[in-house]
Amino acid sequence: MSMNTLFQEITVGQSASLSTTLTQDILDAFVRVSGDCNPAHTDPSYAASTPLKAVVGHGIWTASIISRILGTRFPGPGTIYLGQTLKFKRPVYLGDEITGTVTVSQMDEKGKVWLDTTVTNQKGETVLEGEAVILAPTSRYALPD
């Protein structure tokens with residue numbers, strides 16, 4: 001079981017990471033769920049004519065790895081996502097493995113936590129950076145593995 005981390009257990013500098021690979025199945029599912037069928041994400045012929053030269057993943061899909069870390073890993077279940085800034089630095093292509101990392105940068109006495117957020121590709125290049133603000137969990141909850 002994956003146990004959440006309570007506010008009182010969190011310290012500045014604490015971090016967590018998670019990796020995933022952009023596959024065609026994931027891209028197709030995101031198109032269905034989001035309704036964003038921009039040809040940059042769905043049409044290889046069109047995408048080849050753009051500056052990116054190939055189909056790319058949605059920036060918001062890339063950002064979703066941050067939400068996944070916060071809601072399932074650290075702090076985990078019970079986390080309330082209050083806000084997020086995002087700067088998209090590089091595209092994510094089919095087959096790219098991305099790694100999201102969240103690192104606690106500050107906290108207040110009311111349960112708010114600020115985290116630096118980064119996503120890198122398999123080459124170690126930053127594809128996304130930003131800052132998340134959350135309310136950390138105050139009661140214990142576990143997710144099955």
Side-chain angles (χ1 to χ4, degrees), residues 1-7 10 12-108 110-139 141-145:
M1 297 198 112
S2 297
M3 193 71 65
N4 64 355
T5 303
L6 302 181
F7 175 76
I10 296 172
V12 171
Q14 211 169 353
S15 69
S17 296
L18 178 69
S19 297
T20 192
T21 300
L22 180 59
T23 65
Q24 187 66 57
D25 286 345
I26 288 171
L27 185 60
D28 293 344
F30 195 84
V31 167
R32 282 191 307 277
V33 168
S34 70
D36 181 352
C37 56
N38 179 334
H41 309 301
T42 61
D43 183 341
S45 297
Y46 173 84
S49 72
T50 71
L52 301 176
K53 303 291 185 209
V55 167
V56 296
H58 299 72
I60 292 299
W61 174 80
T62 301
S64 73
I65 195 170
I66 301 300
S67 179
R68 184 173 165 197
I69 295 166
L70 295 173
T72 66
R73 298 281 173 99
F74 177 76
T79 297
I80 304 299
Y81 213 158
L82 298 176
Q84 176 77 53
T85 61
L86 299 170
K87 293 180 185 169
F88 300 103
K89 309 296 264 178
R90 293 181 182 279
V92 174
Y93 294 97
L94 286 170
D96 280 355
E97 180 182 39
I98 60 169
T99 301
T101 302
V102 302
T103 304
V104 177
S105 59
Q106 76 181 71
M107 303 169 62
D108 73 11
K110 296 179 182 176
K112 248 187 203 180
V113 179
W114 288 258
L115 304 104
D116 294 327
T117 59
T118 59
V119 180
T120 57
N121 62 20
Q122 69 278 3
K123 299 174 188 172
E125 300 166 327
T126 300
V127 298
L128 178 150
E129 61 187 14
E131 180 184 63
V133 182
I134 63 164
L135 284 176
T138 56
S139 59
Y141 191 89
L143 289 177
D145 287 332

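Along the sequence shown, the residues carry numbers beginning at 1.
- Shown here for Ile65 and Ile98, the closest heavy-atom pair between the two residues is CD1-O, 4.0 Å.
- Closest approach of Leu70 to Ala132, counting heavy atoms only: CD1-CB, 4.2 Å.
- Residues Thr117 and Glu129 are not in side-chain contact: their nearest non-hydrogen atoms beyond the backbone lie 4.5 Å or more apart.
- Residue Ile66 holds its CD1 atom at 7.5 Å from OG1 of Thr101, rounded to the nearest 0.5 Å.
- A distance-only check finds no donor-acceptor pair linking the side chain of Asn121 to the backbone of Asp96 [under 3.5 Å].
- Taking all atoms of both residues into account, the shortest heavy-atom contact from Ser19 to Thr99 is OG-OG1, 2.6 Å.
- Arg90 contributes atom CZ, which lies 13.0 Å from atom CG of Leu128 (distance to the nearest 0.5 angstrom).
- Gly95 and Thr21 get closest at one heavy-atom pair: O-CG2, 3.7 Å.
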List the atom pairs, with distances to 0.1 Å, where a side-chain N or O of residues 48-60 and a protein N or O form a donor-acceptor pair under 3.5 Å, not counting sequence neighbours.
unit_1: Ser49; atom_1: OG; unit_2: Tyr46; atom_2: O; d: 2.6
unit_1: Thr50; atom_1: OG1; unit_2: Ala47; atom_2: O; d: 2.7
unit_1: Thr50; atom_1: OG1; unit_2: Leu52; atom_2: N; d: 3.3
unit_1: His58; atom_1: NE2; unit_2: Asp36; atom_2: O; d: 3.0

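- Atom-to-atom distance recorded for Leu27:CG and Arg32:CZ is 10.0 Å, nearest 0.5 angstrom.
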Q | Worked check of side-chain contact (heavy atoms from CB on, under 4.5 Å) between Ile134 and Leu82 | A | CA-CA 5 Å; Ile134 63 164; Leu82 298 176; 5.6 Å; no
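- Val104 has its side chain out of reach of Ser15: every pair of non-hydrogen atoms, C-beta onward, lies at least 4.5 Å apart.
- Looking only at distances, no side-chain donor or acceptor of Thr103 sits under 3.5 Å from a matching main-chain atom of Asp116.
- For residues 61-82, the pairs satisfying side chain to side chain donor-acceptor pair (under 3.5 Å) are Tyr81-Gln84, with sequence neighbours left out.
- Shortest non-hydrogen contact noted between Val12 and Ser105 is CG1-O, 3.7 Å.
- For Pro91 against Val127, the heavy-atom pair with the smallest separation is O-CG1, 4.1 Å.
- Between Met107 atom CE and Leu115 atom CG the span is 9.5 Å, to the nearest 0.5 Å.
- Atom CZ in Phe74 sits 10.5 Å away from atom CD1 in Ile69 (nearest 0.5 Å).
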Q: Would you please test Phe7 and Leu135 for side-chain contact (heavy atoms from CB on, under 4.5 Å) and show each step?
A: CA-CA 8 Å; Phe7 175 76; Leu135 284 176; over 6 Å; no
